[in-house]
Amino acid sequence: MCGIVGLMAKQAVNQGIYDALTVLQHRGQDAAGMMTWNEGRFLLRKSNGLVRDVFHTRHMSRLKGNLGIGHVRYPTAGSSSEAESQPFYVNSPYGICLAHNGNLTNSEQLKQELFSSDLRHINTSSDSEVLLNVFAHELGKQGPHLAPGDIFDAVRRVHRRCRGGYAAVAMINGVGLVAFRDPHGIRPVVFGTRDDVNGQDVMIASESVALDVGGFELHRDLGPGEAIFVDMAGEIHTQQCADHPQLTSCIFEHVYLSRPDSILDGAYVYGTRMQMGRKLGDRIQSDWPEHDIDVVIPIPDTSRTSALELAQHLGVTYREGFMKNRYIGRTFIMPGQTQRKKSVRQKLNAIDIEFKDKNVLLVDDSIVRGTTCKQIIQMAREAGARKVYFASAAPPVRYPNVYGIDMPAADELIAHGRSEAEVGELIGADRIFYQNLDDLKAACRDVNPALTSFDCSVFDGNYVTGDIDARYLSDLEASRNDVAKQEQSAGHHALVGMHNQEDGIDD
């Protein structure tokens with residue numbers, strides 16, 4: 001899960017990209033980067049850290065130009081080294097830079113092709129660099145002068161070579177701004193415009209909230225397989241570039257990843273989460289009509305919308321029972337189990353009066369490893385709750401994600417190979433409720449009936465690209481489990497220490 005933005009404007013774009021990245025920060029807290037184009041030169045600043053920490057005044061003053069792209073990142077696999085932060089750049093042909101959200105499922109095959117056939121070198125373990133080089137190679141076939149049709153032809157060949165879920169934004173030196181979305185539309189990307197006294201500004205971003213903060217009018221999502229090209233005059237060109245496009249967008253975007261004030265594929269995320277709460281309330285009412293729930297309490301922040309609707313649907317009091325420290329990162333993407341456990345207590349603090357002598361229903365957006373909810377249930381008991389029930393606005397997460405979300409290895413998913421009752425026992429809940437998958441799909445369709453299909457692979461193990469087998473998942477597990485991430489982190493720190501010693505810097 002990453003966030004991307006591209007901006008073509010009639011004035012400097014550095015502040016606009018910075019503002020967009022700040023509202024996309026929830027999509028990646030590992031690294032941030034921005035590249036602008038000015039008078040034939042690309043200007044870059046990228047580093048590990050949050051947007052506010054990566055970009056200082058001295059960096060912003062150097063990022064000149066009316067065209068640029070930006071990125072916020074966390075790694076789905078491989079290291080989180082600064083070298084793998086984005087955007088990436090290649091000087092041949094033309095000079096191209098790219099930022100990417102998603103994951104190429106045939107990245108290793110493409111690396112071999114790039115080396116042996118395309119005569120290109122990949123310098124990192126990032127599939128984003130692979131995607132950039134594939135795009136650059138295909139674009140180079142079009143000749144020295146690029147028309148919109150040439151760019152779309154190159155994107156068409158990218159789709160034929162690349163598999164997985166991806167949304168990318170790119171700049172071509174002196175040519176313009178390009179973005180494209182995978183043929184299944186798994187990862188989101190939208191575009192919009194803003195009127196300027198000198199013409200029209202164009203923004204492309206992962207979520208519509210990035211457009212909102214800049215005063216842009218949302219036009220629409222890019223369709224699956226579609227590409228958009230904004231030339232240097234600011235004219236917008238779009239074309240379908242996939243042979244067999246089919247929208248099967250990631251349903252977990254609605255569950256957790258996207259901000260509630262975003263619109264994805266024509267559906268307000270806030271509205272889909274309201275519907276999730278109502279449908280979960282229906283399930284509880286059906287399975288347990290004589291429930292003894294005294295109060296519904298959300299696990300902040302993502303579950304609030306669903307929890308409030310659930311409480312109203314059941315006719316039960318809704319209360320805020322946890323206060324959140326907003327300066328702690330999302331726990332399910334933290335690299336080690338020890339760090340995640342420590343983080344939960346730092347992140348949340350219980351308000352005892354809302355728990356004392358009550359039967360409490362805690363509501364979360366989903367249950368992944370179970371580490372967080374187990375500790376939260378314990379916190380509720382320590383705060384005086386008589387009974388603690390737990391509800392998930394999503395179905396059981398039983399399978400890893402291969403399209404750009406850092407879901408852990410299958411054996412680290414608490415629901416993998418277990419029944420709902422067994423999960424409830426493991427996390428220490430007196431009773432547990434999960435959303436039904438059909439109800440989750442219906443919640444999205446209730447907001448936008450045009451959404452007929454989704455990628456629900458983390459829930460049902462059905463990988464819509466059709467290229468995922470047991471061997472791929474086994475290799476993925478080896479790269480994503482906690483032991484592998486700790487080894488990668490240790491290797492990264494060793495390299496940083498070596499680099500600092502060579503430069504005479506005190507680490």
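Just the heavy atoms: all of them, side chains too, but no hydrogens, waters or symmetry mates, feed the values below.
The backbone N or O of Gly164 lies less than 3.5 Å from no partner atom in the side chain of Thr465, so there is not a single donor-acceptor pair. In this structure a side-chain-to-backbone donor-acceptor pair under 3.5 Å is present from Ser206 to Ile4. The backbone N or O of Val130 lies less than 3.5 Å from no partner atom in the side chain of Asn133, so there is not a single donor-acceptor pair. Asn106 contributes a side-chain N or O that, together with a main-chain N or O of Arg163, makes up a donor-acceptor pair within less than 3.5 Å. A donor-acceptor contact shorter than 3.5 Å links the side chain of Asn448 to the backbone of Asp265. No donor-acceptor pair under 3.5 Å is formed between the side chain of Arg41 and the backbone N or O of Trp37. For Glu129 (side chain) and Ile122 (main-chain N/O), no donor-acceptor pair under 3.5 Å exists by modelled atom type. In terms of modelled atom types and a separation under 3.5 Å, the side chain of Asn14 and the main chain of Met60 share a donor-acceptor contact. Judged purely by atom type and a 3.5 angstrom limit, Asn103 has no side-chain atom pairing as donor or acceptor with the backbone of Tyr403. Panel note: side chain Ser208, backbone Ile263; a donor-acceptor pair is recorded below 3.5 Å.
Side-chain contact between Ile405 and Tyr74: present, with at least one pair of heavy atoms (C-beta onward) separated by less than 4.5 Å. With a 4.5 Å cut-off on side-chain heavy atoms, Met203 and Arg194 do not count as touching. Looking only at side-chain heavy atoms (C-beta outward), Phe229 and Asp231 come within less than 4.5 Å of each other. Here the side chains of Tyr89 and Leu44 are not in contact, with every heavy-atom distance at 4.5 Å or above. Put simply, the side chain of Leu437 reaches to within 4.5 Å of the side chain of Cys456, judged on heavy atoms. Side chains of Leu110 and Leu104 form a contact here, defined as non-hydrogen atoms less than 4.5 Å apart. When side chains are defined from C-beta on, Pro396 does not count as touching Phe459, because their heavy atoms never get closer than 4.5 Å. Using a 4.5 Å heavy-atom threshold, the side chains of Leu132 and Arg120 count as separate.
For the residue pair Thr105/Asp467, the side-chain donor-acceptor check at 3.5 Å is satisfied. Of the N and O atoms on the side chains of Asp19 and Gln15, at least one donor lies less than 3.5 Å from an acceptor on the other residue. Side chains of Tyr166 and His159: a donor on one and an acceptor on the other come within 3.5 Å.
The two residues Asp201 and Lys10 have their closest heavy-atom pair at OD1-N, 2.9 Å. Taking both residues in full, the closest heavy atoms of Ala267 and Thr272 are given as CB-CG2, 4.2 Å, listed atom of the first, atom of the second, then distance. Taking each heavy atom of Val51 and Gln25 in turn, the nearest pair found is N-OE1, 2.8 Å. Residues Ala154 and Leu139 approach most closely at CB-CD1, 3.6 Å, considering heavy atoms. Ile17 and Val5 get closest at one heavy-atom pair: CG2-CG1, 3.8 Å. Of all the heavy atoms in Asn401 and Leu476, the pair that sits closest is O-CD2, 3.9 Å.
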Verdict with supporting geometry, Arg27 and Glu253, salt bridge (Lys or Arg N to Asp or Glu O under 4.0 Å): CA-CA 10 Å; Arg27 300 190 68 87; Glu253 290 278 356; 2.8 Å; yes
Asp469 vs Arg471, test: salt bridge (Lys or Arg N to Asp or Glu O under 4.0 Å). Steps then yes/no. CA-CA 5 Å; Asp469 56 20; Arg471 180 176 178 179; over 6 Å; no
Arg259/Asp212 under salt bridge (Lys or Arg N to Asp or Glu O under 4.0 Å): CA gap, chis, key distance, verdict: CA-CA 12 Å; Arg259 279 179 42 149; Asp212 296 339; over 6 Å; no
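Atom NE2 of His56 is surrounded by more than 12 heavy atoms from other residues, nucleotides or ligands within 6.0 Å. Atom CG of Asp301 has more than 12 neighbouring heavy atoms from other residues, nucleotides or ligands inside a 6.0 Å radius. By the 6.0 Å contact criterion, OH on Tyr268 is open, its count of non-hydrogen atoms from other residues, nucleotides or ligands being 12 or less.
Glu138 and Arg156 are not joined by a salt bridge, as no carboxylate oxygen comes within less than 4.0 angstrom of a charged side-chain nitrogen. Lys441 and Asp446 are not joined by a salt bridge, as no carboxylate oxygen comes within less than 4.0 angstrom of a charged side-chain nitrogen. One finds no salt bridge joining Arg181 and Glu226 here, because no Lys/Arg side-chain nitrogen approaches an Asp/Glu carboxylate oxygen to under 4.0 Å. For Lys46 and Glu82, the salt-bridge test fails: no basic side-chain N is under 4.0 Å from an acidic carboxylate O. For the pair Asp243 and Arg160, the salt-bridge criterion is met [side-chain N within less than 4.0 Å of a carboxylate O].
Between Phe191 and His219, the ring planes are tilted. Angles from 30° to 60° get that label.
You'll find the ring centres of Phe135 and Phe180 inside the 6.0 Å limit.
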